[in-house]
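Data block below; observations after.
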Number of protein chains: 2
Amino acid sequence: MKFYRSYPAGKQVAWRGDELSIVASVVRGVASLSTQMEDGRKQMVGLLLPSDFYGRPGRQRALFDRTAATDLLLCCFHRKPFEAMMIATPHVGQRLLSMTLDELDSARDWMVLLGRKQARERIASLLSLLARRAAPHPDGLIDLPLTREAIADYLGLTFETVSRHFSHLRRDGIIALQTSRQFRVLDAAALEEATGGAFAEEMASQ
Amino acid sequence: MKFYRSYPAGKQVAWRGDELSIVASVVRGVASLSTQMEDGRKQMVGLLLPSDFYGRPGRQRALFDRTAATDLLLCCFHRKPFEAMMIATPHVGQRLLSMTLDELDSARDWMVLLGRKQARERIASLLSLLARRAAPHPDGLIDLPLTREAIADYLGLTFETVSRHFSHLRRDGIIALQTSRQFRVLDAAALEEATGGAFAEEMASQ
DNA sequence: CGGCAGTTTGACCAACATCAAGTTGGGTGG
DNA sequence: CCACCCAACTTGATGTTGGTCAAACTGCCG
C-alpha cells in the first residue's frame, strides 16, 4: 500500500488541475507548492520539508503546482485506500487534522510576512526558519535548498532584491555565505532582530 | 452544550495568547483574525463570514487576535466537550478536516494576493470575493463590512491607497459607491479582469 | 575552452507609503 | 433644531522601497 517515488531537483511533480491520485509525505529533500498567474507572476505558497505531509484527502484535483526544489524522495499512498484507512482508524484523521491546523497557522504567519514585512525582514525570517528546521552540518553550515529565484517566489520579491539583501546581511556580519547555496549564522541575535518579529506559530507549544 | 454570544462592532473577542476555552461558528456578522507586530504594523489573516468556523480543537492558546468587524453573533461550544464529541463521532472530525483544508487553500490564495498582486488587483479581488460570498440587497447593493483601515490591514496596504483605488474603480465605471460602506458592481467582467486572475480555490469543486 | 544557468551589482523608475490638508456624515449636547 | 465634534474617508504633494533593465561575474558541465 505504501511505496516510494523519487524526483530529481527541478522536476515538476504535479501540475495545478492534475488528478490527485496519491497523497504523500516528504522523506528526503524539499518540495514546493506554487501558483503562476496568467502573466507569469509566480508565488510559492508552501515549502515542504522532510516529515511534512502533502495531499488532499477528499479532493479531486490539485489547486497548486508541486515541484521538487532539490532531489526529492516521497513516501506515497494511493488516495482512495488512504481515505478508507482514515475512516477506519479515526486517530489518523485526528492526527491529520492537527497537522493541517498547524499548516494553516504557518500559512497565516506567512501572510504577515508577505503583507507587512520589508525585504530584509522577509529574508531574515526565511534564514531564521531554515536555521531552525533544516539540520545544519556539524560546522554550522546550512544548505539553502532554493535558488535565488525560488526564494524570491516564496518571499514575494524579485531575485535581484533577494540577492542584494543577502549581500547586505553578509556585509552587516550577520551571516556568512560559503557558496551562494550555503550559509552560516554569525550573529543569531541580530538575525532574530532583523526578522522584525517572531512567528505566531512559535508560541503554539507554550 | 451549545450557546450563543453576541458582540458589538469593533469589540475584541479574544486576544493572542488567550486561553482558547471555546470553539464557535459565525451565525451573523463578520469577524476577523489578525496579528499586530511590536511596532504596530497589523495584518489581518482571515475574515470569518456567516457559516465559517473558528476554533482550534487541540490547541491551548489563540495565536491571533479575534475582533468583531460588525455586530456579531457566534454559536459557541466549550472546547473540551467539543473535542470529546469529535472523538466519539468521527464524521464531525472528517467534516472539520475538510473545512480546514478549504481554509488552507483560501489562505494560500491570499498569499498570492499579498505576495504578487498590485493594489488595484487586491481591491478588485476583495470586492469580487464579497460580491460572491455576501448576500446582496435586492437592488444589487452590497455591504462593505469593513472600514478602509480594516480593508488595508486585510490587503497589506495603507488605508489611503485603499481609498484612492476605490475612487479609481468608481471613475472607471466598474463599481458605484452608494455610501462609503456600500457598493454595487456595474461591470462584473471588468471587475473580474481587474482582479488579475481567479483564485485557485474557485476551481476546487470542478 | 566555450556555454549557460545562476548570481551579483549598478542605474534608473514606478508603485505605494508617508505626511498633510480638507471633506463627509452620524451622533451628542446645548 | 442646530452647532459642534469626531471618526471615517478623500485627495494631494512628496519620499522610499523594491522593481526593472542592463551588464558583468562565477562555477559547473560538456
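Below, chains carry the letters A, B, ... as their sequence lines are ordered, and counting in each starts from 1. Everything quoted here is computed from the prediction, not taken from an experiment.
- Using a 4.0 Å heavy-atom criterion, one finds that B:Ser163 contacts the bases of the nucleic acid, with or without backbone contacts as well.
- A cation-pi contact, defined as under 6.0 Å to the ring centre and within 45° of the axis, is absent between A:Lys42 and A:Phe159.
- Using a 4.0 Å heavy-atom cutoff across all strands shown, A:Gly10 reaches no nucleic acid atom at all.
- Using a 4.0 Å heavy-atom cutoff across all strands shown, B:Thr158 reaches at least one base atom of the nucleic acid.
- When heavy atoms are screened at a 4.0 angstrom cut-off, B:Phe159 is found touching base atoms of the nucleic acid.
- The nearest whole Å value for the distance from the NE2 atom in B:His168 to the P atom in D:dT10 is 12 Å.
- Each of A:Arg116 and A:Thr161 has a nearest nucleotide on DNA chain C; the 5'-most of these lies closest to A:Thr161.
- Rounded to a whole Å, the CD atom of A:Glu149 is 15 Å from the C1' atom of D:dG19.
- Remark: the A:Arg170 side chain and the C:dT9 base include no donor-acceptor N/O pair separated by less than 3.5 Å.
- In terms of phosphate contacts, B:Arg171 brings a side-chain nitrogen or oxygen within less than 4.0 Å of OP1 or OP2 of D:dT11.
- Taking atom CZ of residue B:Phe166 and atom C1' of nucleotide D:dC9, one finds them 11 Å apart after rounding to whole Å.
- In terms of heavy atoms, A:Ala131 sits closest to A:Val185 at CB-CG2, 4.3 Å.
- Side-chain atoms of B:Glu160 stay outside donor-acceptor range of the base of D:dC9, with no qualifying N/O pair under 3.5 Å.
- Between the CG atom of A:Leu144 and the P atom of C:dT7 there is a distance of 9 Å, given to the nearest Å.
- Nucleotide D:dC9 holds its P atom 16 Å from the CD atom of B:Gln178, rounded to whole Å.
- Rounded to whole angstrom, the span from the CG atom of B:Leu177 across to the P atom of D:dT10 amounts to 7 Å.
- Between the A:Arg79 side chain and the A:Pro57 main chain, no donor and acceptor come within less than 3.5 Å of each other.
- The base of D:dG18 lies outside donor-acceptor range of the side chain of A:Arg122, with no N or O pair under 3.5 Å.
- Scanning all heavy atoms of the two residues, the minimum distance from A:Ser125 to A:Leu113 falls at CB-CD1, 3.6 Å.
- Rounded to a whole Å, the CG atom of A:Leu157 is 15 Å from the P atom of C:dC16.
- In this structure, B:Ser167 reaches the D:dT11 phosphate: one of its side-chain N or O atoms is under 4.0 Å from OP1 or OP2.
- With hydrogens and angles ignored, no donor-acceptor pair under 3.5 angstrom links the side chain of B:Arg181 to the base of C:dG25.
- If you check every strand for non-hydrogen atoms under 4.0 Å, A:Gln118 touches sugar and phosphate atoms only.
- Of the candidates D:dC9, C:dA11, C:dC16, C:dA11 carries the atom nearest the A:Arg164 side chain, counting heavy atoms from C-beta on.
- Looking at heavy-atom distances under 4.0 Å, B:Thr179 makes no contact with the nucleic acid at all.
- In this structure, B:Leu169 atom CG and D:dT11 atom C1' are separated by 16 Å, rounded to whole Å.
- For CZ of A:Arg28, the number of neighbouring non-hydrogen atoms (other residues, nucleotides, ligands) closer than 6.0 Å is 12 at most.
- For the pair A:Arg66 and A:Tyr54, the cation does not sit on the ring face, since its NZ or CZ is not both under 6.0 Å from the ring centre and inside 45° of the axis.
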